[in-house]
Amino acid sequence: MPEQRLLVVEDDADQRRLVASILRAEGWTVAEAGSVGEALDELARSPVDLVLTDWKLPGRDGLELLAEVRARGTETAFVMMTAYGTIAHAVAAVRAGADDYLVKPFERQALLLAVERTLRQRRLADENRRLAEEVADRDRLVDLVGSAPSMQQLFRRVEKLAGTDATVLLAGESGTGKELAARALHALSRRSGGPFVAVNAAAVPESLLEAEFFGAERGSYTGADRTRKGRFEAAHGGTLFLDEVGELPLPLQPKLLRALQEGAVTRIGATQEIPVDVRIVAATNRDLAAEAAAGRFRQDLYYRLDVVTVVLPPLRERREDVPLLVRHFVGRAERRHGVRVAPFPPPLLRRLVEYAWPGNVRELANVVERLVLLSEGGEVSPDDLPDSLAARPAGDGGFRLPPGGLSWETHERECLRQALDLAGGNRARAARLLDLPYKAFLYRLEKHGLATPGE
Ligand SMILES: Nc1ncnc2c1ncn2[C@@H]1O[C@H](COP(=O)(O)OP(=O)(O)OP(=O)(O)O)[C@@H](O)[C@H]1O
Ligand SMILES: [Mg+2]
């Protein structure tokens, strides 16, 4: 155990020396102070594990010392000594954050007991806080939150890749956290002191994209009234995030490829190349391999970007993360809007877990913020869920038998097929969509020869 340093604050020098010598005899390092001012000097000199102070001191009293100590954090244990008959002082001290009190006069044994117990409690509190922080750390990578195995694996991958300059392609549906992953790659890299520059190929008009990427000399095109740097140059020394790279128009793709290969850019209207040192992270919610195969994306650029692909899993494939993310977004909405809400009721949470989340984490974040904003008396209500998530309409769901009738067998088969589709092949969920017990659902799948799709 590391050496523990105690501070005894008492204006009566004889009493102070006596107490200090008892504590020293037990092996502690003990500093002494005769006033609040001297005590603060000692605290400034080096950290103290425990302060044992008299209430009554010349000038400022022990309670004021307590306030000073607590203002510096919660790590220091604090024991107040009060005179016999002033139990109110002891109570006030504990209320103000003291760990314990000793009523004078006290026996040596009582002193040692109070000090040992208080130090032990502090150690436990520190340990608990450390463990709580560790749990939170494990489920978080910079701003990405997730405890599902697929996310944990992703975190380890991102950490590893952050130590390299390799080009990374982030793939995944909309709202799965591609941009957060790109920022994490930057934040954990040796480039974190440099810029993180994002350029979104879908958000800039095609005619301006080249200037946006590579810059333009003054007068090089109509409206270029001054020389401007491109995003590549702006990202020098840092990370360039090519967002929605699948949307990049074909004519611009060879120029991007060239910049990536050469590590240099040429501004529009310039002849000289400018070397740039950037780490490239690209993102797409399209299947770039398929786009390349179909001729909508250049093969050579695809291979250049696809050095390492990291896939962000959709939320419906890691439902176990929903409660964790809900807590995360509730905290964020509470801070943002200055409100507090009670934990979500289990049936509501269950509905959030079971929903298919086509918009992934972004959609969940919006739904949670809405519930928090519309909460009343600190309670969120399922009535405030958006329609897409609200309870399924009771009854026939608007279905009308066509006037000419229908073939029951075909209709049933079609219902099963569409439910499977909607549920992404997950049978349990498909059964829920049709409000059928799982066994009854399987029986009907068998009947229609749908039981082993594509196996
Ligand atoms: N794992 C996560 N933990 C915490 N917040 C997340 C996570 N994933 C996404 N978010 C939040 O969801 C929103 C969307 O994330 P982000 O912009 O990174 O998604 P994206 O994959 O880039 O989406 P798009 O393809 O639509 O651009 C952001 O508000 C982000 O804070
Ligand atoms: Mg994005």
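Basis for what follows: all heavy atoms, side chains included, without hydrogens, waters or symmetry-related copies. Everything numeric in this text was worked out from a predicted model, so none of it was measured.
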In plain terms, say whether [X] and [Y] are close enough for a salt bridge, that is, a side-chain N and a carboxylate O under 4.0 Å apart.
X	Y	value
D277	R191	yes
E116	R120	no
D243	R231	no
E217	R228	no
E354	R319	no
D100	R117	yes
K104	D54	yes

Exercise: identify the closest heavy-atom pair between [X] and [Y]:
X	Y	answer
V367	P386	CG2-CG, 3.9 Å
G194	H186	O-NE2, 3.1 Å
A171	K178	C-CD, 3.9 Å
S189	A162	CB-O, 3.2 Å
D99	T76	OD2-O, 4.2 Å

Nearest 0.5 angstrom please: [X] [atom1] to [Y] [atom2], how far?
X	Y	atom1	atom2	answer
F344	E379	CZ	CD	11.0 Å
L325	L364	CG	CG	6.0 Å
E68	L63	CD	CG	11.5 Å
L40	L65	CG	CG	6.0 Å
L52	L111	CG	CG	6.0 Å

Problem set entry | Contact list for residues 139-176, test ring pair (Phe, Tyr, Trp, His ring centres under 6.0 Å), sequence neighbours left out |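 Qualifying pairs: none.
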Exercise. Tell me, which pairs form a ring pair (Phe, Tyr, Trp, His ring centres under 6.0 Å) where one or both residues lie in residues 348-387, sequence neighbours left out?
Worked result: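 Every pair satisfying ring pair (Phe, Tyr, Trp, His ring centres under 6.0 Å) with a residue in residues 348-387: Y355-W357.
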Side chains of [X] and [Y]: does their closest heavy-atom pair fall under 4.5 Å?
X	Y	answer
P382	L348	yes
P345	V380	yes
P323	V353	yes
L256	L242	yes
L7	V9	yes
T176	V361	no

Under 3.5 Å, side chain of [X] to main-chain N/O of [Y], donor-acceptor pair present?
X	Y	value
R318	P313	yes
Q253	L248	yes
R336	E369	no
S375	G378	no
H236	V276	no
R24	V30	yes
S192	L188	no
R370	D384	yes
N285	G172	no
E247	E244	no

Suppose we screen for side chain to side chain contact (heavy atoms under 4.5 Å, CB included). Which residues come up paired with [X], at least two apart in sequence or across chains?
X	result
R183	E179, F196
E210	F214, L252, K255, I268
P314	E173, R316, E317, N360
L112	I22, L23, E26, W28, R108

Go through the structure and list residues passing salt bridge (Lys or Arg N to Asp or Glu O under 4.0 Å) with [X], not counting sequence neighbours.
X	value
E273	R258
E42	R5, R45
K56	none

Exercise. Knowing that exactly one of E38, E32, E10 qualifies, which makes a salt bridge (charged side-chain N to carboxylate O under 4.0 Å, His left out) with R16?
Worked result: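 Of E38, E32, E10, salt bridge (charged side-chain N to carboxylate O under 4.0 Å, His left out) with R16 is met by E32 alone.
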Exercise. Under the ring-ring contact (aromatic ring centres under 6.0 Å, His included) test, which residues partner F297, sequence neighbours left out?
Worked result: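 Scan of F297 (ring-ring contact (aromatic ring centres under 6.0 Å, His included), adjacent residues dropped) gives none.
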For this session: Apply the test salt bridge (charged side-chain N to carboxylate O under 4.0 Å, His left out) to residues R122 and D49: give CA-CA distance (whole Å), side-chain angles for both, the deciding distance (0.1 Å), then the verdict.
Result: CA-CA 9 Å; R122 278 284 145 186; D49 296 291; over 6 Å; no
For this session: Evaluate the criterion side-chain contact (heavy atoms from CB on, under 4.5 Å) for residue pair L305 and L301; output intermediate values, then yes/no.
Result: CA-CA 6 Å; L305 292 174; L301 179 57; 4.1 Å; yes
For this session: Return yes if a side-chain donor-acceptor contact under 3.5 Å exists between S147 and D321, otherwise no.
Result: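 Their side chains do contain a donor-acceptor pair, which is all the 3.5 Å distance test asks for.
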For this session: Evaluate the side-chain contact (heavy atoms from CB on, under 4.5 Å) criterion for residues V307 and V168: first the C-alpha distance (whole Å), next the side-chain angles of each, then the deciding distance (0.1 Å), finally the verdict.
Result: CA-CA 6 Å; V307 179; V168 175; over 6 Å; no
For this session: Report the C-alpha distance between L154 and L141 in whole Å, list the side-chain angles of each, state the deciding distance to 0.1 Å, and finish with yes or no for side-chain contact (heavy atoms from CB on, under 4.5 Å).
Result: CA-CA 9 Å; L154 178 101; L141 185 80; over 6 Å; no
Exercise. Crowded around R218 CZ? As in, over 12 foreign heavy atoms under 6.0 Å?
Worked result: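 Count not over threshold, so no.
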Got a list of side-chain donor-acceptor pairs under 3.5 Å for residues 80-96, not counting sequence neighbours?
unit_1, atom_1, unit_2, atom_2, d
T86, OG1, A83, N, 3.3
T86, OG1, A83, O, 2.5
H89, ND1, W55, NE1, 3.4

Between side-chain atoms of residues 326-334 and protein atoms elsewhere (two or more places apart, or another chain), which donor-acceptor pairs fall under 3.5 Å?
unit_1, atom_1, unit_2, atom_2, d
E334, OE1, R340, NH1, 3.4
E334, OE2, V341, N, 2.8

For this session: Show your reasoning for whether side-chain contact (heavy atoms from CB on, under 4.5 Å) applies to L434 and F441.
Result: CA-CA 8 Å; L434 298 175; F441 178 77; 3.8 Å; yes
